[in-house]
**Q** 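So that we are looking at the same thing, I have put the structure below in structure tokens.
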Amino acid sequence: MIVGQFTCRAFAYALLKKPWGIPDMARPSSDLAAFREIFSRAKNIAIITGAGVSAESGVPTFRGAGGYWRKWQAQELATPEAFSRNPSRVWEFYHYRREVMLTKEPNPAHLAVAQCEERLGRQGREVTVITQNIDELHRRAGSKNILEIHGSLFKTRCMTCGHEAANHKSPICTALEGKGAPDPNTDDARIPVQHLPRCEQTDCHGLLRPAVVWFGETLDSDILTCAEKVLDSCDLCLVVGTSSVVYPAAMFAPQVAARGVPVAEFNMEDTPATMRFQFHFQGPCGSTLPPALAPHDAEQN
């Protein structure tokens, strides 16, 4: 069971000098032909994706050096406390992110995953994307079997009635039009709370918030249960563009590998989990993933 271990183990694992307490193994293989043979036989494939996939589409990550919106880093704005103190500022930040995302397109890695899912689906095989990303680029690329464990920029949740819904309006409300500039010299818009995005459910009109998982919040238990089922049943796992340091997602692939299932990592560099995996393909995901997921000679179309 994977989900049942998240809360009690994540902190302890993060402190281990050798991640997950497993002795180091041989350097993972970069033999694409060997990976492709395993891929050709896999019936249930789990693909775990992180920010590295979307970075190739020009999506800002707001992490690391220079990862600021105005003078704040994401972890200062993406909290329930920040929203309670200043919902206008937080909505400016998310409005900016939504508007930026509407200018971005899925890259070859997103498209390769979507095409693989569609093609293998016709063969009675299953591909499931478990993504930490909130940008919906997998969905826009055509993937359908997606678990968004951190939510979506394009969904909202009512603070009053709890109703959650897709919302792709641009701008999301009139008061936010033209707001959200990231320049550090930009003043807060100080939008009155009654003019921020509001619930459209009958007799509600409560304040909406982005339906994303903020720092200090727990992940959706239903989504985690679905992820657990996928990871428990997969016979091949790909880890694509993730640093393998954000929990609980950092635990997914190592635990799959621990039960003997082949895991292939596609990333620009090694991660703390690299030595746990059978394969590691270094480089931009948009270059390494398409040939890995292309039709295999053994496939029956």
Side-chain angles (χ1 to χ4, degrees), residues 32 35-36 38-61 97-98 100-155 166-168 211-212 220 223 226-227 229-231 233-242 249 252-253 256 261-268 279 281 283-301:
L32 182 60
F35 167 82
R36 297 269 294 154
I38 295 172
F39 168 71
S40 72
R41 299 189 298 269
K43 301 295 184 184
N44 295 287
I45 302 173
I47 303 180
I48 303 166
T49 69
V53 176
S54 295
E56 293 182 40
S57 290
V59 177
T61 63
R97 296 183 70 178
R98 285 165 58 96
V100 166
M101 278 313 310
L102 293 175
T103 70
K104 307 302 180 184
E105 297 295 334
N107 64 58
H110 296 108
L111 297 173
V113 170
Q115 291 161 5
C116 178
E117 177 190 330
E118 193 276 333
R119 187 181 78 248
L120 297 193
R122 296 197 306 267
Q123 303 169 24
R125 301 160 68 190
E126 189 165 345
V127 175
T128 303
V129 176
I130 302 172
T131 187
Q132 301 170 75
N133 299 335
I134 61 174
D135 51 43
E136 291 197 358
L137 285 177
H138 280 298
R139 198 174 301 280
R140 286 169 55 190
S143 291
K144 295 179 172 59
N145 202 12
I146 310 170
L147 296 173
E148 296 168 321
I149 63 173
H150 291 160
S152 167
L153 278 173
F154 297 98
K155 290 181 182 175
N167 189 318
H168 292 85
V212 298
D220 185 291
I223 293 177
C226 292
K229 292 177 180 177
V230 170
L231 296 166
S233 63
C234 72
D235 52 5
L236 175 62
C237 179
L238 281 64
V239 190
V240 185
T242 174
F252 291 171
V256 170
V261 174
V263 177
E265 183 178 53
F266 296 78
N267 207 13
M268 288 294 293
F279 297 96
F281 299 101
C285 303
S287 299
T288 58
L289 200 58
L293 297 182
H296 190 276
D297 293 341
E299 290 183 28
Q300 300 295 319
N301 294 323

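Basis for what follows: all heavy atoms, side chains included, without hydrogens, waters or symmetry-related copies.
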**Q** Do the side chain of Asn133 and the main chain of Gly50 share a donor and acceptor less than 3.5 angstrom apart?
**A**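 At least one qualifying donor-acceptor pair exists.
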
**Q** When the ring planes of Phe154 and His168 are compared, do they come out parallel, tilted or perpendicular, using 30° and 60° as the limits?
**A**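 The arrangement is parallel - the two ring planes meet at less than 30°.
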
**Q** Rounded to the nearest 0.5 Å, what's the gap from CD on Glu56 to CE on Met268? Could you check?
**A**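 Result: 7.5 Å between the selected atoms.
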
**Q** Rounded to the nearest 0.5 Å, how far does CD1 of Ile149 lie from CZ of Phe252?
**A**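 Output value for this atom pair is 4.5 Å.
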
**Q** To the nearest 0.5 Å, what is the distance between CG on Leu238 and CD1 on Ile130?
**A**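 Answer for the CG-CD1 pair, Leu238 versus Ile130, is 11.5 Å.
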
**Q** For the backbone of Lys144 and the side chain of Arg139, can you confirm whether one donor and one acceptor N or O come within less than 3.5 Å of each other?
**A**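 Looks like no, no N/O pair under 3.5 Å.
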
**Q** What heavy-atom pair brings Arg98 and Leu153 nearest, and what distance separates the two atoms?
**A**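 Smallest interatomic distance, heavy atoms only, reads NH1-O, 2.9 Å.
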
**Q** Please find the pair of heavy atoms, one from Val263 and one from Ala253, that lie closest to each other, and give the distance.
**A**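 Nearest pair, atom of Val263 first, then Ala253: CG2-O, 3.9 Å.
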
**Q** Please find the pair of heavy atoms, one from Arg125 and one from Phe39, that lie closest to each other, and give the distance.
**A**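 Scanning both residues completely, I find the closest heavy atoms to be NH2-O, 2.6 Å.
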
**Q** Go through it in stages, so that I can follow the logic: the residues are Val261 and Leu231, the test is side chain to side chain contact (heavy atoms under 4.5 Å, CB included), and I'd like the CA-CA distance, side-chain angles, deciding distance and then a yes or no.
**A** CA-CA 10 Å; Val261 174; Leu231 296 166; over 6 Å; no

**Q** Verify side chain to side chain contact (heavy atoms under 4.5 Å, CB included) between Asn267 and Val239, making sure each step is shown before the conclusion.
**A** CA-CA 8 Å; Asn267 207 13; Val239 190; over 6 Å; no

**Q** Hey, which of Val53, Val240, Val230, Leu289 is the one that makes side-chain contact (heavy atoms from CB on, under 4.5 Å) with Ile47?
**A**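 The single option meeting the side-chain contact (heavy atoms from CB on, under 4.5 Å) with Ile47 is Val240.
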
**Q** If only atom types and distance count, is the side chain of Asn107 paired as donor or acceptor with the main-chain N or O of Ala109 below 3.5 Å?
**A**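 Between the backbone of Ala109 and the side chain of Asn107 there is a qualifying donor-acceptor contact (under 3.5 Å).
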
**Q** Quick one: does Arg97's side chain have a donor or acceptor within less than 3.5 Å of a partner on Asp135's backbone?
**A**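 Checked: no pair found.
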
**Q** Among side-chain atoms of Asn44 and Ser233, is any donor-acceptor pair under 3.5 angstrom?
**A**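 The answer is no; no qualifying pair exists.
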
**Q** Could you state the interatomic distance from CZ (Phe281) to CD (Glu265), rounded to the nearest 0.5 Å?
**A**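 With rounding to 0.5 Å, CZ (Phe281) is 11.0 Å from CD (Glu265).
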
**Q** Could you tell me whether a side-chain N or O of Ser54 sits under 3.5 Å from a main-chain N or O of Ala51, the two making a donor and an acceptor?
**A**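 The answer is no, because no donor-acceptor pair under 3.5 Å joins these two groups.
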
**Q** Could you give the distance from CD1 (Ile45) to CG (Leu120), rounded to the nearest 0.5 Å?
**A**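 It is 5.5 Å, given to the nearest 0.5 Å.
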
**Q** Ignoring hydrogens, what is the shortest heavy-atom contact between His138 and Thr131? Give both atom names and the distance.
**A**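 Answer, listing the atom of His138 first, then Thr131: CD2-OG1, 3.8 Å.
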
**Q** Taking all non-hydrogen atoms of both residues into account, name the closest pair between Ala114 and Ala141 and its distance.
**A**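 Closest pair (atom of Ala114, atom of Ala141, distance): CB-O, 3.4 Å.
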
**Q** Which pair of non-hydrogen atoms, one from Leu137 and one from Lys104, has the smallest distance, and what is that distance?
**A**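 Between these two residues, the closest heavy atoms are CD2-O, 4.3 Å.
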
**Q** Hey, could you give me the NE2/CZ distance between His296 and Phe35, rounded to the nearest 0.5 Å?
**A**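 One finds 10.0 Å between NE2 of His296 and CZ of Phe35.
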
**Q** Is Glu136 reaching over with its side chain to a backbone N or O of Ser152, donor-acceptor style, under 3.5 angstrom?
**A**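 Such a contact is absent between Glu136 side chain and Ser152 backbone.
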
**Q** Checking Val59 against Val100 for the side chain to side chain contact (heavy atoms under 4.5 Å, CB included) test, could you report, in this order, the C-alpha distance in whole Å, the side-chain angles of both residues, the deciding distance, and whether it holds?
**A** CA-CA 8 Å; Val59 177; Val100 166; over 6 Å; no

**Q** Can you tell whether the side chains of Glu105 and Arg140 come within less than 4.0 Å, N to carboxylate O?
**A**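 Yes, Glu105 and Arg140 are salt-bridged.
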
**Q** Under a 3.5 Å cutoff, is there a donor and acceptor pairing between the side chains of Asn145 and Glu126?
**A**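 Glu126 and Asn145 do have a side-chain donor-acceptor pair below 3.5 Å.
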
